[in-house]
*Asks:* 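Got a structure for you, questions after.
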2 protein chains.
Amino acid sequence: MRTVNPEEHARKRAHILAAAAGEFAAYGVDGTSTARICRAAGIGSGTLFHYFATKRDIFHALFRDDLPRNAEACARAIARDRPEDGIRLLVDHLLTDLADPLVPGLAAAAVFQVNRDEEFARLIMADTAQVRSALETLTTRLAAAGRPLPFPPGRVAAWIQGLLDAAYLSAGEPDFDPATHTAELRRLVGWLTGGDASATPPGTRTSPQGDPTR
Amino acid sequence: MRTVNPEEHARKRAHILAAAAGEFAAYGVDGTSTARICRAAGIGSGTLFHYFATKRDIFHALFRDDLPRNAEACARAIARDRPEDGIRLLVDHLLTDLADPLVPGLAAAAVFQVNRDEEFARLIMADTAQVRSALETLTTRLAAAGRPLPFPPGRVAAWIQGLLDAAYLSAGEPDFDPATHTAELRRLVGWLTGGDASATPPGTRTSPQGDPTR
DNA sequence: CCTTTCCTGGAGCGCCTGCTCTACTATTGC
DNA sequence: GCAATAGTAGAGCAGGCGCTCCAGGAAAGG
């Protein structure tokens with residue numbers, strides 16, 4: 001008998017995934033041939049299809065692996081005493097990879113794939129629903145505490161999520177600055193959650209920093 | 001001799017473009033074969049390539065045709081006396097097609113293509129820059145008039161544009177309602193332009209309408 | 001009428017695709 | 001050391017691709 005070494009297996013799998021991520025980000029799913037992934041990973045096609053059933057499966061795995069981490073972040077956010085802290089925590093977590101150069105390409109490929117590939121759509125939907133639910137719980141708590149939200153709690157949650165998605169897509173623009181964008185996004189979230197961010201102190205107009213929300 | 005009939009030519013071209021738009025929205029550029037476009041348009045491949053040089057060219061034409069209309073809208077917006085009217089005009093113009101069922105698919109395909117196809121990226125960039133410039137002119141005028149913008153005028157313009165893009169992408173979500181989304185977006189734009197939208201009157205929290213900005 | 005050009009469908013070409021299959025080596029348990 | 005199986009490379013296959021090319025119908029000018 002010979003048993004499988006799960007650790008080595010996972011390492012090799014991750015190696016292939018990393019190589020595939022670069023190709024998918026650059027050329028998309030349809031635009032990336034399996035031969036290209038093999039070349040990038042330095043393996044033969046036999047090896048590739050030993051680890052993954054289909055090309056689509058590779059792309060799915062790239063996002064499926066993030067699901068548990070997001071679930072954990074949601075749980076931590078809800079556990080916070082002050083809802084605004086939870087929202088801040090969740091927003092920060094979801095913005096972690098904003099500076100990753102692969103992100104815009106992968107985000108574009110993902111948005112595209114959601115409209116095309118039903119199985120992938122369900123995968124992403126599960127993740128989205130999870131985050132949405134957490135955000136809605138938190139915004140509902142804010143509303144219950146008397147915060148004057150501009151929209152119903154569910155809609156506020158939807159907008160926060162929309163802003164996050166938009167951030168990842170705009171990360172590919174030529175003069176994109178993650179720090180500025182993050183700061184401004186927090187400001188917008190502050191307004192959406194009924195914070196005092198609407199009171200604009202004079203002089204802030206030209207300063208990219210200076211967000212007192214915490 | 002025989003002369004070309006430009007009117008008939010344009011009609012046929014538009015017919016092919018309409019058919020292609022449906023296919024591109026459903027399957028993307030790579031996922032749509034030229035044979036499929038031919039079938040959808042009820043023509044042979046000879047005809048298709050008589051009107052368009054390449055498959056990519058068909059996709060480009062789909063967006064290139066909108067450029068002059070957007071330019072005109074920008075000009076009209078800048079010509080307005082009150083900058084907030086101009087912004088409102090431009091935002092409304094850019095949200096015209098939000099209810100079109102093809103829009104989410106085409107937007108996804110476009111976002112994807114921008115990251116892949118350099119020529120298409122330049123095409124979209126030209127359109128984006130044009131709108132951005134108009135918005136920035138208007139927000140700068142607002143700032144000069146003493147309006148307390150939350151960010152520098154250029155950044156406010158960028159955010160308005162980002163919100164518009166996000167709207168088109170989220171238009172594919174299951175419970176998307178164009179009217180609600182538009183109303184809320186105008187509210188956000190109101191805040192971004194230093195309007196009084198931040199003062200939340202009680203009872204607005206559950207009302208999807210009621211935006212007094214004009 | 002004839003000529004010229006536009007317009008058209010579809011056969012077909014060369015190429016590339018995702019994936020399978022086979023032959024082989026490396027590593028494990030006994 | 002032996003058997004069993006995990007892991008690997010790459011040739012090869014069937015099918016689909018974008019696009020070309022050609023033969024002929026349709027329509028305009030003279």
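All chains are named by letter (A, B, ...) in the order of the sequence lines, taking the proteins before the strands, and each is independently numbered beginning at 1. Hydrogens, waters and symmetry mates play no part in the numbers below; they use all other heavy atoms, side chains included.
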*Asks:* Check the pair Phe52(B), His60(B) against side chain to side chain contact (heavy atoms under 4.5 Å, CB included), reporting the backbone distance first and the verdict last.
*Replies:* CA-CA 10 Å; Phe52(B) 299 96; His60(B) 290 192; over 6 Å; no
*Asks:* Take atom CZ of Arg56(A) and atom C1' of dT17(C), then tell me their distance rounded to the nearest Å.
*Replies:* 16 Å
*Asks:* Given 3.5 Å as the limit, does a donor-acceptor pair link the side chain of Thr139(B) with the main chain of Glu136(B), or not?
*Replies:* yes
*Asks:* Expressed as a whole number of angstroms, how long is the span from Phe59(B):CZ to dG18(D):C1'?
*Replies:*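 So the CZ-C1' distance, Phe59(B) to dG18(D), works out to 17 Å.
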*Asks:* Inspect the contact between Arg69(B) and Asp66(B) and indicate whether a charged nitrogen and a carboxylate oxygen are less than 4.0 angstrom apart.
*Replies:* yes
*Asks:* Rounded to the nearest angstrom, tell me the gap between atom CD1 in Ile16(A) and atom C1' in dG7(D).
*Replies:* 11 Å
*Asks:* Between Lys55(A) and Val29(A) (side chain of the first, backbone of the second, donor and acceptor by atom type, cut-off under 3.5 Å), is there such a pair?
*Replies:*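 At least one qualifying donor-acceptor pair exists.
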*Asks:* Do you know which of Thr193(B), Leu138(B), Leu89(B), Leu142(B) makes side chain to side chain contact (heavy atoms under 4.5 Å, CB included) with Glu84(B)?
*Replies:*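 Of Thr193(B), Leu138(B), Leu89(B), Leu142(B), side chain to side chain contact (heavy atoms under 4.5 Å, CB included) with Glu84(B) is met by Leu142(B) alone.
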*Asks:* Should Lys12(B) be listed as having a side-chain N or O under 4.0 Å from OP1 or OP2 of dT8(C)?
*Replies:* yes
*Asks:* Separation of Ile58(A) atom CD1 from dG18(C) atom C1', in whole Å?
*Replies:* 10 Å
*Asks:* Tell me if a side-chain donor or acceptor on His181(B) pairs with a main-chain N or O of Phe176(B) at a distance below 3.5 Å.
*Replies:* no
*Asks:* Salt bridge check: are Arg56(A) and Asp30(A) linked by an N-O gap of less than 4.0 Å?
*Replies:* no
*Asks:* Can you work out whether Ala53(A) or His9(B) has the more 5'-proximal nearest nucleotide on DNA chain C?
*Replies:*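 The residue mapped nearer the 5' terminus is His9(B).
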*Asks:* In whole angstrom, what separates His50(A)'s NE2 from dT22(C)'s P?
*Replies:*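 Rounded to whole Å, this separation is 17 Å.
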*Asks:* With the threshold set at under 4.0 Å for non-hydrogen atoms, list the residues of residues 20-49 of chain B touching DNA chain C in residue-number order.
*Replies:*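 Gly42(B), Ile43(B), Gly44(B), Ser45(B), Gly46(B), Thr47(B), in order of number.
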*Asks:* Roughly what angle, to 10°, lies between the helix axis at the start of the helix from dC1(C)-dG30(D) to dC30(C)-dG1(D) and the one at its end, five pairs per end?
*Replies:*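 The two end axes of the helix from dC1(C)-dG30(D) to dC30(C)-dG1(D) meet at 10°.
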*Asks:* At 4.0 Å (heavy atoms only), tell me whether Tyr51(B) reaches a base, stays on the sugar-phosphate, or touches nothing.
*Replies:*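 Sugar-phosphate contact only - Tyr51(B) comes under 4.0 Å of backbone atoms but never of a base.
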*Asks:* Establish, for the pair Arg122(A) and Phe120(A), whether the NZ or CZ atom is under 6.0 angstrom from the six-membered ring centre and no further than 45 degrees off its axis.
*Replies:*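 No, Arg122(A) and Phe120(A) do not form such a contact.
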*Asks:* Rounded to the Å, how far apart are Phe52(A) CZ and dT20(C) P?
*Replies:*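 Nearest whole value for this atom pair: 15 Å.
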*Asks:* Please report the distance, rounded to the nearest Å, between CZ in Arg11(A) and P in dG7(D).
*Replies:*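 Atom-to-atom, Arg11(A) to dG7(D), this comes out as 13 Å.
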*Asks:* Look only at the side chain of Asp97(A) and the backbone of Asp100(A), and say whether a donor-acceptor pair between them is shorter than 3.5 Å.
*Replies:* no
